Amino acid sequence: MKTICREKDRILLSVAQMGGAEQKYVQEAFDTNWVAPLGPNVNAFEAALSDYLGGRKPVVALNSGTSAIHLALKQIGIVNGDEVICQSLTFIATAAPITYLGAQPVFVDSEAETWNMCPVLLEKAIQDRIEQTGLVPKAIMHIHLYGMPAKMSEILAVAQKYGIPVVEDAAEALGSSYAGQKCGTFGEFGVLSFNGNKIITTSGGGALVCATADEAKKTMFLATQARDNAPHYQHSEIGYNYRLSNVCAGIGRGQMEVLPDRVARRREVNRLYREILNGVEGISLQTEPNESFYSNYWLTSILVDPSQTGGITREDIRLACEAANIETRPLWKPMHLQPVFKTAPFYGNGTSERLFDQGLCLPSGTSLTDDQIHYVADVIKKIILVNQ
Ligand SMILES: *Cc1c(COP(=O)(O)O)cnc(C)c1O
């Protein structure tokens with residue numbers, strides 16, 4: 001199978017890898033002239049996703065993960081002036097839809113084990129918001145960073161205690177599970193993304209995992225311009241144009257056939273890095289805390305502690321990789337440090353700032369060869385060992 005590579009020889013962070021059946025389904029869409037939005041590929045893709053997640057929850061395919069977050073918050077009833085609690089250490093797509101609805105994000109720091117939302121700080125933040133505003137925050141948005149499941153039992157316990165719905169951003173975690181349950185199925189809503197760099201892709205796309213058939217129906221309604229049931233075009237509320245096209249869903253159908261292989265390979269890539277970097281002082285990897293946590297290891301990520309590497313920093317390693325034509329990337333810059341959110345409330349403990357300072361995502365695509373992984377890990381090892 002030929003893999004897509006934008007630059008020859010450069011080792012990229014995470015590239016799309018087709019399985020083989022995608023073109024067949026896309027061709028079907030053309031042969032039947034189902035190139036419009038909706039159609040058989042969309043239905044089959046949604047059914048495959050729902051099955052994969054355990055079959056209990058309906059899934060609606062959308063044109064992006066960001067749209068899915070927007071529709072989740074909209075259906076929870078977030079409106080102008082509401083507060084929504086959001087994990088700070090994430091990609092901006094988790095937080096941006098809060099502001100689309102005129103609401104205020106309240107950022108919460110991570111715990112050091114999974115790098116996800118700290119349940120202790122979450123409760124502190126809720127209590128403080130109640131004290132400050134007299135109101136309970138309207139929703140909790142958390143993620144599973146680079147595929148690592150968050151501490152779901154603890155987060156859900158806090159959410160239940162205060163009666164706050166959880167939106168689970170599982171955009172990076174398709175294939176991950178916690179206590180045997182698939183990520184994306186814990187929240188009132190679950191969010192998936194099929195952007196080009198995710199574990200599977202539709203070139204661009206997303207999905208909303210819903211709790212009930214009614215919610216799924218409402219999601220489809222809002223995603224297709226909120227059209228009332230009438231022969232003419234009639235609208236009683238404002239909707240969006242967020243559905244996935246039948247052509248893109250054909251890619252998704254093919255990708256679903258290889259998803260288990262993709263998860264296995266990402267985990268194997270992670271295992272190999274772990275083996276090679278084992279014992280290198282000052283380098284640690286994001287790691288499953290115990291058997292309850294099963295990560296798809298979408299991106300293998302390391303921390304570089306300069307006090308143990310003889311002064312070598314994350315940035316030194318990033319630049320050494322760059323010189324060796326290897327693409328790496330610092331962890332997401334926390335939202336509370338983003339200029340656009342500088343006035344948003346933040347409940348912190350220093351963890352996400354330290355992770356951002358020390359963290360680096362390594363090339364983790366499923367089409368990487370073992371030799372390429374050895375090459376990347378050796379570049380990292382060399383710069384540290386030379387210095388010690
Ligand atoms: C990729 C991603 C999204 C958004 O997905 P799009 O499909 O690109 O809109 C949301 N949240 C997180 C954490 C992501 O990594």
Side-chain angles (χ1 to χ4, degrees), residues 3-17 88-93 109-110 112 115 145-148 172 195-199 266 268-287 295 297-340 350-388:
T3 52
I4 301 153
C5 206
R6 283 162 298 184
E7 282 171 75
K8 222 169 166 274
D9 299 326
R10 183 162 164 81
I11 299 182
L12 295 168
L13 199 66
S14 181
V15 278
Q17 188 187 13
S88 184
L89 186 55
T90 186
F91 177 49
I92 192 160
D109 215 329
S110 295
W115 306 2
L145 190 71
Y146 307 130
M148 182 65 69
E172 302 178 358
N195 194 25
N197 59 352
K198 297 284 155 67
I199 193 157
R266 293 260 176 183
E268 177 58 20
V269 166
N270 183 271
R271 196 199 57 74
L272 201 51
Y273 275 125
R274 209 171 280 278
E275 189 180 291
I276 306 167
L277 294 172
N278 182 35
V280 180
E281 219 165 312
I283 300 281
S284 57
L285 285 89
Q286 188 192 30
T287 301
S295 176
Y297 283 120
W298 169 54
L299 294 183
T300 288
S301 306
I302 60 169
L303 294 182
V304 184
D305 180 354
S307 72
Q308 291 177 55
T309 56
I312 294 293
T313 63
R314 182 282 306 282
E315 201 51 16
D316 293 329
I317 292 183
R318 192 184 70 78
L319 292 171
C321 286
E322 201 51 49
N325 214 9
I326 298 164
E327 182 189 26
T328 62
R329 190 168 61 196
L331 303 201
W332 301 126
K333 180 170 181 170
M335 291 303 114
H336 73 275
L337 299 178
Q338 296 288 353
V340 72
T351 302
S352 64
E353 285 172 40
R354 177 178 60 87
L355 293 171
F356 175 58
D357 269 355
Q358 300 189 348
L360 193 66
C361 300
L362 305 182
S364 308
T366 43
S367 53
L368 290 175
T369 64
D370 287 6
D371 279 351
Q372 285 176 310
I373 292 159
H374 275 279
Y375 173 66
V376 173
D378 286 342
V379 167
I380 296 169
K381 234 167 129 166
K382 218 173 280 164
I383 173 172
I384 290 175
L385 295 181
V386 160
N387 206 60
Q388 272 169 349

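All values reported here derive from a predicted model rather than from experimental measurement. For reference, positions follow the sequence shown, starting with 1.
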Checklist line | Considering all heavy atoms, the nearest D316-I383 contact | finding: O-CD1, 3.7 Å
Next item on the list: For R354, enumerate each residue passing the side chain to side chain contact (heavy atoms under 4.5 Å, CB included) test, keeping only those at least two apart in sequence or located in another chain.
Entry: A112, L303, T351, Q358
Note to self: Quick check for you: to the nearest 0.5 Å, what is the distance between S352 atom OG and L337 atom CG?
What the structure shows: 6.5 Å
Note to self: Is it the case that the side chain of W298 and the backbone of N197 share a donor-acceptor pair, with hydrogens and angles ignored and the cut-off at 3.5 Å?
What the structure shows: yes
Check: Taking C-beta and beyond as the side chain, do E172 and L145 meet within less than 4.5 Å on heavy atoms?
Finding: yes
Notebook entry, point to check: So, does Q338 use its side chain to make a donor-acceptor pair with the main chain of K333 at under 3.5 Å?
Noted result: yes
Notebook entry, point to check: Where the side chain of R314 meets the backbone of F356, is there a donor-acceptor pair that is under 3.5 Å apart?
Noted result: yes
Margin query: Between T300 and R274, do the side chains contain a donor N or O and an acceptor N or O under 3.5 Å apart?
Written below: no
Check: Would you say V304 and I283 make side-chain contact, with heavy atoms under 4.5 Å?
Finding: yes
Next item on the list: Give, for atom CD of E268 and atom CD of E275, the distance between the pair rounded to the nearest 0.5 Å.
Entry: 8.5 Å
Next item on the list: Could you tell me whether the side chain of T313 and the main chain of P306 form a donor-acceptor pair under 3.5 Å?
Entry: no
Notebook entry, point to check: Atom CD in E327, atom CG in L13: separation rounded to 0.5 Å?
Noted result: 5.0 Å
Margin query: Tell me whether Q372 contacts the main-chain N or O of P363 through its side chain, where contact means a donor paired with an acceptor under 3.5 Å.
Written below: no
Checklist line | Side-chain heavy atoms of I380 within contact of V280, under 4.5 Å | finding: no
Item checked: Heavy-atom closest contact (S364 atom, L299 atom, distance) -> OG-CA, 3.5 Å
Checklist line | Within-4.5 Å side-chain heavy-atom neighbours: D305 and S284 | finding: no
Next item on the list: Using modelled atom types only, decide if a donor and an acceptor are shared between the side chain of K381 and the backbone of I276 within a distance under 3.5 Å.
Entry: yes
Note to self: How long is the straight-line distance from CG of L385 back to OG1 of T309, given to the nearest 0.5 Å?
What the structure shows: 11.0 Å
Checklist line | Polar side chain donor-acceptor pair, S14 to R266, under 3.5 angstrom | finding: yes
Check: Does a donor on one side chain sit under 3.5 Å from an acceptor on the other, for Q17 and T366?
Finding: yes
Checklist line | I11 vs V376 side-chain heavy atoms within contact, under 4.5 Å | finding: yes
Check: Looking only at atom types and distance, does a side-chain atom of S110 sit under 3.5 Å from a main-chain N or O of W115, one as donor and one as acceptor?
Finding: yes
Item checked: Nearest atoms (heavy-atom pairs only) where L89 meets P334 -> CD1-CG, 4.2 Å
Margin query: Please report the interatomic distance CZ(R318) to SG(C361), rounded to the nearest 0.5 Å.
Written below: 12.0 Å
Notebook entry, point to check: What are the two closest non-hydrogen atoms of V15 and S367, and how far apart are they?
Noted result: CG2-OG, 3.7 Å
Note to self: Within the 4.5 Å heavy-atom criterion, are S295 and Q286 side-chain neighbours or not?
What the structure shows: no
Check: Any donor-acceptor pair under 3.5 Å linking the side chain of D378 with the backbone of Y375?
Finding: no
Next item on the list: Give the minimum heavy-atom separation between L362 and T328, together with the two atoms involved.
Entry: CD2-CG2, 4.3 Å
Note to self: Looking at every non-hydrogen atom in both residues, tell me the closest pair between Y146 and W332 and how far apart they are.
What the structure shows: OH-N, 3.0 Å
Note to self: Would the distance check show the side chain of T287 and the main-chain N or O of L285 forming a donor-acceptor pair, the cut-off being under 3.5 Å?
What the structure shows: yes
Notebook entry, point to check: Does some side-chain heavy atom of S88 sit less than 4.5 Å from a side-chain heavy atom of D109?
Noted result: no
